[in-house]
Amino acid sequence: MTIKVGEVIAINGVKVTLRIFEDSSKDTLFYDGEKYKGISIREYIYIQRGFRDIVCIVEGEYLDENRFEEETNRTHYIRKVEAKPIGYYEHGDFNEGIKFLPMIKDSAFLLQEEKISEIYSKGRTDGFVIGKMLKEDIPISLPWQKLFNSHIGIFGNTGSGKSNTLAKLYTVLFDQKREAIGNKSKFVILDFNGEYTSEQLVKKDYKTTLKLNTQTGEGDKFPLSDEEFWDTETLSILFQATVNTQRPFLNRLIGGRNKYVNRPNSLLSYIQSSFRAVFSAASQKPDSLDLLRGIAEVLDLDNLKASLKDISWHGDRNKFWRSRDSTFFDADGISYEAVFGREVKSIAINDLDGFAELLIRANLQLTWDLISGFVQFEHIQPLLKRIDSSLSSLKKVVIIGNRRDNNQLLTVISLRKCNQEIKKVLPLLIAKHFYNHHKASIGYPPDMTMHLIIDEAHNILSQQSTREHESWRDYRLELFEEIIKEGRKFGMFITISSQRPADISPTIISQIHNFFIHRLVNDRDLFLLENTISTLDSLSRSLIPNLSKGSCIITGTSFDLPMVLQIDRLEEAKQPDSEDVDLETLWS
Ligand SMILES: Nc1ncnc2c1ncn2[C@@H]1O[C@H](COP(=O)(O)OP(=O)(O)O)[C@@H](O)[C@H]1O
Ligand SMILES: [Mg+2]
């Protein structure tokens, strides 16, 4: 038995209008020892219709003129509210959806608080709680079984509480399920701001933290196996190769390497034969001189560098020459032997890392491609320049060769101290690495899952970036689009958090199943959410610009009804290290 508060006076479509009795406008009511919320916007009531109780949410209220009393000169108003059905109780069970509508004169009652909790927790008692309902202050248990096998989006302006929500979600998950998860699932966080590198999320025993640093080179390094590095796609990502000419070039380079990789000194003889070819080819190419200089530079061969300095191109004769003694390099190779023979034979290679080898091989490949008239220098040279210029920072954050598989539950990769370029390319490589690795190790149906979590995802998923080549942008997005579109089949799930959802590729947004939406004020962001999230109702939508810190609307395929939760703030040690400066402490 509960409190009767009003009756239905109109029904229009799915909009129900009720007349509310005068004494029901208190904030909280007690009846028979139970607590009830009074009627106001976003509160719940139920309407009795035969054996069923139709549960409605209040969407608006207003006063309507009732009658005018002449003697007191007063107008009497009645309070009316508009409500929308969200589901119904039948035989004691709640079912969501508008299947039944009330009729005029049906009575409306307040809904006990515990029923509200029952509706949103759906009878879940395993207590996966990350927060409370904003208005009712009731803890709600989330359906973790349905949530973590979906793609999740966490959106909101800076400072709205995204990182806290993300951290809370996974902290509760690891607190409750770590043992059950065992080594069946892996979690990887791409942490652009270095917010999760200390005590956050899970005990250190279960967490590997890689703090990459392009500034000092003393940071951790992301390990790549040999096979993974010497791969056209990897190199294309690292050096942003264009599809038409530069990628086939890398392909040839890798093909050549694979062919001879098991022969001792294969690289050395490749270098030596290339020097000979440049200076004794029938049709010599002026640009190849610079390539040889590049190789001497990488190998740090001072004598050879000096010898090459003397050489230049003789435009009239179309061949190289040494002007100081008018030595021409003819196709018979005699001048080559005289000038370079001994020096080139004495080249020794020791301890070359993968990056240096790549640079040398790129120079050699282009040399041969030029000699055979296969490519145009201008098409490939930018790629070589990029390899050359990114090497120093790449070397600081990637290590090739000794890859140990880490079997930790959680890997946090902090990019906070990386330069812009690394922030742009490395996440791609990392995502691809884990995606491919996961695909190769699962059974069918998937017996393991992989969870990639990207905080501040606009760093890599944004659609607009004027500073990069269009084709590179497409490639970058395609990779993530593939993971998000195909990943689910393989048990790979993405959680992305971003302050600018409107900048993120619509393909990606449209694949997200569940949303945690914090305060957002920008019209474009709101427009996007309204148009892509089919489960977002207009009442919840209208709250978004005014949500307070830590409150968010949760909606999506794993939730029957949108709900507004105030997420619990994590205890201090487990809070993300946000970059907010506390001026009070700083200036005290
Ligand atoms: N649920 C919450 N309750 C109370 N304070 C919060 C909550 N979530 C975040 N905050 C506070 O708001 C600030 C910004 O939170 P943060 O999660 O870093 O936001 P964002 O990642 O959206 O920029 C932090 O100082 C944090 O302590
Ligand atoms: Mg954040």
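Fair warning: this is a prediction, and the values are worked out from it, not measured in the lab. Order of listing sets the numbers, starting from 1, for every ligand and every atom in it. Scope of the values below: all heavy atoms of this structure, side chains included, with no hydrogens, waters or symmetry mates.
Using the six-membered ring where Trp is involved, F174 and Y170 have ring planes that are tilted, between 30° and 60° apart.
Note: an N/O pair closer than 3.5 Å links R569 and ligand 1 by distance alone. Between I567 and ligand 1, at least one pair of N/O atoms sits closer than 3.5 Å.
In summary, the side chains of Y196 and D455 do present a donor paired with an acceptor at a separation below 3.5 Å, with no hydrogens or angles considered. For S160 and N157, the side-chain atoms include no donor-acceptor pair closer than 3.5 Å.
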Mind listing the side-chain donor-acceptor pairs of residues 54-62 below 3.5 Å, one per line with the distance, residues two or more places apart or on another chain?
from : atom 1 : to  : atom 2 : distance (Å)
E61  : OE1    : R79 : NE     : 2.7
E61  : OE1    : R79 : NH2    : 2.7

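Taking a cutoff of 4.0 Å between a charged side-chain nitrogen and a carboxylate oxygen, E199 and K574 do not qualify as a salt bridge. Look at R500 and D525 and you find a salt bridge, because one of the NZ, NE, NH1 or NH2 atoms lies within 4.0 Å of a carboxylate O, short of that distance. Between D231 and K432 there is a salt bridge, since at least one side-chain N of the basic residue sits less than 4.0 Å from a carboxylate O of the acidic one.
Close approach of ligand 1 to N164 is summarised as follows: ligand atoms under 4.0 Å from at least one heavy atom of the residue are 1 (N), 2 (C), 7 (C), 8 (N), 9 (C), 17 (O). Proximity to G550 (heavy-atom distance under 4.0 Å) selects the following atoms of ligand 1: 1 (N), 2 (C), 7 (C), 8 (N). Listed by number with element, the atoms of ligand 1 under 4.0 angstrom from any heavy atom of N157 are 22 (O). Proximity to S160 (heavy-atom distance under 4.0 Å) selects the following atoms of ligand 1: 19 (O), 22 (O).
Of the candidates K549, Q566, K168, Q575, the one placing a heavy atom closest to atom 13 (C) of ligand 1 is K549. Between G161, S163, S551, G159, it is S163 that holds the heavy atom closest to atom 21 (O) of ligand 1.
A distance of 9.5 Å separates CE in M450 from CD1 in I494, rounded to the nearest 0.5 Å.
With a 4.0 Å heavy-atom cut-off, ligand 1 is reached by no atom of D455.
Residue pairs satisfying the ring-ring contact (aromatic ring centres under 6.0 Å, His included) criterion with at least one member in residues 481-508, sequence neighbours excluded, are listed as follows: H451-F493.
Listed by chain and residue number, the protein N/O/S atoms under 2.8 Å of the Mg ion (ligand 2) are S163 OG, with waters left out.
Contacts of R519 classified as salt bridge (Lys or Arg N to Asp or Glu O under 4.0 Å), with partners at least two apart in sequence or in another chain: none.
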